[in-house]
Amino acid sequence: MRSTGLKDCGGRTDFTTLDSGRTLDSAALRRHLAQSGHDAMLREVEKAAAKSGAPFLATDKPLGEARTRWSQAFDALTRAAALDEALASAKSEAHKAFDNSAFALVKAERDALRRAIKTGTIWEDSTSS
């Protein structure tokens with residue numbers, strides 16, 4: 001996926017691909033992400049954001065802060081998914097070489113991240129732009 005830049009267009013956020021200058025509105029960006037295989041992750045970010053009071057949804061915040069906070073949410077959910085995968089893999093290959101202490105550490109990290117997302121405390125750990 002090409003990197004995107006955000007710009008404020010008269011109270012409306014547009015997404016511009018940096019290499020082509022082509023402008024994408026929110027609906028076009030959503031379609032682009034879905035076609036790029038990121039639809040499920042985007043839905044998870046939106047779902048978690050709605051439940052946790054995500055600051056990137058606030059319309060009164062500067063665009064830079066919204067972008068930083070959205071990236072924070074995306075990164076957290078990506079990390080949580082990777083931890084879930086690691087735990088599932090460890091469980092399925094437990095007969096080979098199972099390390100209980102490593103498993104417990106990964107599980108604790110995943111559970112703490114889930115709690116932070118669910119309760120909204122994830123937003124307290126980061127500074128605003």
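- D111 and K118 are not joined by a salt bridge, as no carboxylate oxygen comes within less than 4.0 angstrom of a charged side-chain nitrogen.
- When all heavy atoms of D99 and S101 are compared, the closest pair comes out as OD1-OG, 2.8 Å.
- Residue R114 holds its CZ atom at 14.0 Å from OG1 of T119, rounded to the nearest 0.5 Å.
- No side-chain heavy atom of R115 sits less than 4.5 Å from a side-chain heavy atom of T121.
- With hydrogens and angles disregarded, no donor-acceptor distance shorter than 3.5 Å links the side chain of S89 to the backbone of E85.
- Taking CG from L42 and CH2 from W70, the interatomic distance works out to 6.0 Å, rounded to the nearest 0.5 Å.
- Between the NE2 atom in H38 and the CZ atom in F74 there is a gap of 6.5 Å [rounded to 0.5 Å].
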- Give the C-alpha distance, both sets of side-chain angles, the deciding distance and a yes or no for side chain to side chain contact (heavy atoms under 4.5 Å, CB included) between E109 and R79. CA-CA 10 Å; E109 181 184 349; R79 178 72 181 155; 2.8 Å; yes
*Check step by step if side chain to side chain contact (heavy atoms under 4.5 Å, CB included) holds for Q72 and L77.*
CA-CA 9 Å; Q72 179 186 5; L77 288 171; over 6 Å; no
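- Looking only at side-chain heavy atoms (C-beta outward), H32 and S36 come within less than 4.5 Å of each other.
- Listed here is the closest heavy atom pair of L113 and A76: CD2-O, 3.3 Å.
- For L105, there are no side-chain contact (heavy atoms from CB on, under 4.5 Å) partners, not counting sequence neighbours.
- Here the closest non-hydrogen pair linking A80 and R110 is O-CG, 4.2 Å.
- Taking the salt bridge (charged side-chain N to carboxylate O under 4.0 Å, His left out) definition, one finds that R43 meets it with D39, sequence neighbours left out.
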